[in-house]
Number of protein chains: 2
Amino acid sequence: MNTPTPPRPATLHDVAEAAGVSLITASRALGNPSIVSEKTRERVRQAVEATGYIPNLLAGGLKSRRSRMVAGVVPALSVSQFLPTVQSLTATLAQEGYQLLLGQTFYDEQREEEVLNAMIGRQPDGIVMMGLVQSGKARERLRRTGIPVVETWDFSDRPLDMVVGFSHLKVGSALAGYFLSRGLQRVGMATGSDHRAQQRREGFLAAWGREVPTVTVSAPGSLELGRQALGQLLAQQPDLQAVVCSSDMLAHGILVEAQARGLRVPVDLAVSGFGNADFAAHLLPSLTTVHVDGPGIGRLAAELVLARCKGHSAGRSAFDLGFELIERDSTRRA
Amino acid sequence: MNTPTPPRPATLHDVAEAAGVSLITASRALGNPSIVSEKTRERVRQAVEATGYIPNLLAGGLKSRRSRMVAGVVPALSVSQFLPTVQSLTATLAQEGYQLLLGQTFYDEQREEEVLNAMIGRQPDGIVMMGLVQSGKARERLRRTGIPVVETWDFSDRPLDMVVGFSHLKVGSALAGYFLSRGLQRVGMATGSDHRAQQRREGFLAAWGREVPTVTVSAPGSLELGRQALGQLLAQQPDLQAVVCSSDMLAHGILVEAQARGLRVPVDLAVSGFGNADFAAHLLPSLTTVHVDGPGIGRLAAELVLARCKGHSAGRSAFDLGFELIERDSTRRA
DNA sequence: CTGTTAGCGCTTTCAA
DNA sequence: TTGAAAGCGCTAACAG
């Protein structure tokens, strides 16, 4: 064999030539094989093999107006809450030949606008946001592009386009109801600075009926910040009975700091988290938390975008997937 | 004002018309402003404003042969080890107007080939892999495309193209040296099934000089798997003195299970992790681990890709960023 | 400094 | 079932 490897990557033109068919026939053999004869299809297949052809999807997308890319935007990748969602989103899209373009806003409206503009310029077939789009300018711009947008991990009756999530206010009030039912009085909060954590706090206070000592930490929080938060809460209220946290990592920090201070959980102090991280069930004591179906959110978001791409304009556009309060040992009465 | 919003998004053509200049002048005013007169530049700027123009970067890339996208490939997004790297990679690229295309291999060669083909079809200006490219077929194909590739989080003297990482063998032997120097004899390992964790194990055994009881868990491990692993190790060797873990989460699980069993760390059992996760320093006891500069890896990988895009063909292509063993209380002699 | 011309690689018409 | 023509939106190359 003496096939000199072509210096530049093979194009569909090369494939057509090698197969002895026209360019468009080669295109159809690959993109719409059912309307091409068996024989031709096979010859094209061999030509692809021989040339090592990989289709340039950017070029195809220019004419067909589908990039087969979906933008996924997170506050920051390190916010572990969203990882299962982004993972299943990416995996579901990949199954259908779509790739994810990743963007980060760092909880900043300016950056949110920038990253969304950068995404729009790449003509994504859909955009999936973790959280609601904050910037009004960006909302307006997105609406005008007509690109399908799925906001997730939150809920709104008047979404930009589609929304898949749950009500953080309701999470907060569910937690308040739970702690009230346990007869706990002196509750404190360790809560992230982000919009969703603040919403849960509001929901909690509304149901609780009065203010509670609160330490706000920079989103999304960490074990270290949780440890510090307990110190600060105890300084404010030495006879604290419970701490409600906006993430499992913060709650974990509370558990560690409680142990360091010789406080027994839940006897001396009850603790709850949020997110049902995979470590929550296996801590000592196991952590009471709020479970959310992260992978389910990602899957549904992907399906909604894909459905739109195929022209099925779904009827419903707001999906409340709810949440579940999971009681474990960290709040269980002896 | 009575400017009817155009139903289809504005193109550069519309901008040029609105500004009263030719298409290419409008293009230059945006992409290479220094060679356009101040006056023209301003008129184009206003036309962009008026039309709400967002450049179609896919179309531009077709001709210029730069997509301004970089592919980033992880085993799975939930492998938290890589998150700081992907985060800084994405952020560094975004600063220069590049976006990240995300792919997942799920530790599977078949999927690795698929995801790399999907990426190549999108003409990325570079590819950053977390780990080495496993599939020989994919290595060959990547080499032929000529796309800059940076393999990370590992090291090789004969990389596919560029490599930014460190030697897992050396990490293993450093850990062995450390435990030997502590005079510990009966050591066990809890280790992930992935290639890098296995390499660290090999490095450890080579320096240790003999086999040790080992529990292998599915990569990347979790707190729960760590807890189970300690049970299994103790069943094999009841008088175990130390456990070397392939991740901080596994080590954390060992700590929790030790506490559940009434074993004191480090007095009864010494424990080490890997990765220096942000919780490691704040656990009780704080966790001895191996620190790796995750964000630094991402930043350097981005810079290498960007340098190649600008034509600077860097001399060096293998960067060993090393690692640092961080001794904390979980192995410290009383 | 500005414009004209010719594509990038592919897919959508339309016609055979 | 196959093909020819046209052009997606933009930029490189070469004039003026």
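For the segment residues 116-125 of chain A, the set of residues with a heavy atom within less than 4.0 Å of an atom of DNA chain C is empty. For DNA chain D, the neighbouring residues in residues 22-34 of chain A, judged by any heavy atom under 4.0 Å, are Ser22(A), Ile24(A), Thr25(A), Arg28(A). Across residues 36-49 of chain B, Val36(B), Ser37(B), Thr40(B) each have a non-hydrogen atom less than 4.0 Å from an atom of DNA chain C (numbered order). Of the residues in residues 57-64 of chain A, those placing a heavy atom less than 4.0 Å from an atom of DNA chain C are Ala59(A), Gly60(A), Leu62(A), Lys63(A), Ser64(A), in numerical order.
Counting only N and O atoms by type, the side chains of Arg141(B) and Asn117(B) include a donor and acceptor under 3.5 Å apart. A side-chain donor-acceptor contact under 3.5 Å links Ser135(A) and Glu113(A).
Separation of atoms CZ (Arg41(B)) and CZ (Arg28(B)) is listed at 13.5 Å; rounding is to 0.5 Å. Within the model, atoms CG of Leu30(B) and CZ of Arg45(B) stand 11.0 Å from one another, a figure rounded to the nearest 0.5 Å.
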Identify each donor-acceptor pair in which a side-chain atom of residues 95-107 of chain A lies under 3.5 Å from a protein atom, sequence neighbours left out, and give them as a table.
unit_1: Gln104(A); atom_1: OE1; unit_2: Leu77(A); atom_2: N; d: 2.9
unit_1: Gln104(A); atom_1: NE2; unit_2: Gln87(B); atom_2: O; d: 3.1
unit_1: Thr105(A); atom_1: OG1; unit_2: Tyr107(A); atom_2: N; d: 3.2

Going by atom type alone, with no hydrogens or angles, which donor-acceptor pairs under 3.5 Å involve a side-chain atom of residues 295-303 of chain B and a protein atom two or more places apart or on another chain?
none

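Looking at Thr40(A) and Thr25(A), their side chains come closer than 4.5 Å, going by heavy atoms from C-beta outward. Residues Phe319(A) and Leu304(A) have side chains in contact (heavy-atom distance under 4.5 Å, counting atoms from C-beta outward). Within the 4.5 Å cutoff, side-chain heavy atoms of Ile127(B) are placed close to those of Leu142(B).
As a whole-Å value, the separation of Asn56(A) CG from dC10(D) P is 17 Å. Taking atom CG of Asp14(B) as the reference point, atom C1' of dC8(D) lies 14 Å away to the nearest angstrom. We find that CZ of Arg66(A) is positioned 14 Å from C1' of dC8(D), with the value rounded to whole Å.
Each of Val44(B), Val15(B), Asp14(B) was scored for a side chain to side chain contact (heavy atoms under 4.5 Å, CB included) with Tyr53(B), with one residue passing: Val15(B).
Recorded end-axis angle for the helix from dC1(C)-dG16(D) to dA16(C)-dT1(D) stands at 30°, based on five pairs per end and rounded to 10 degrees.
Screening residues 53-77 of chain A for salt bridge (charged side-chain N to carboxylate O under 4.0 Å, His left out), with sequence neighbours left out, gives Arg66(A)-Asp125(A). Residue pairs meeting the salt bridge (charged side-chain N to carboxylate O under 4.0 Å, His left out) criterion with at least one member in residues 75-94 of chain A: none, sequence neighbours excluded.
Other residues, nucleotides and ligands place more than 12 heavy atoms under 6.0 Å from the CD atom of Glu42(A). The environment of Gln46(A) atom CD is dense: over 12 non-hydrogen atoms of other residues, nucleotides or ligands sit within 6.0 angstrom.
For DNA chain C, the outermost nucleotides in 5' to 3' order that have an atom under 4.0 Å from a heavy atom of chain A are dG9(C) to dT12(C).
Legend: residues meeting ring-ring contact (aromatic ring centres under 6.0 Å, His included) with Phe166(B), ordered by chain and number and at least two apart, are Trp153(B), His168(B). For Asp161(A), the side chain to side chain contact (heavy atoms under 4.5 Å, CB included) partners are Pro148(A), Val149(A), Arg308(A), not counting sequence neighbours.
The two residues Ala18(A) and Thr51(A) have their closest heavy-atom pair at CB-CG2, 4.4 Å.
In this structure, the side chain of Thr152(B) engages the main chain of Met129(B) through a donor-acceptor pair within 3.5 Å.
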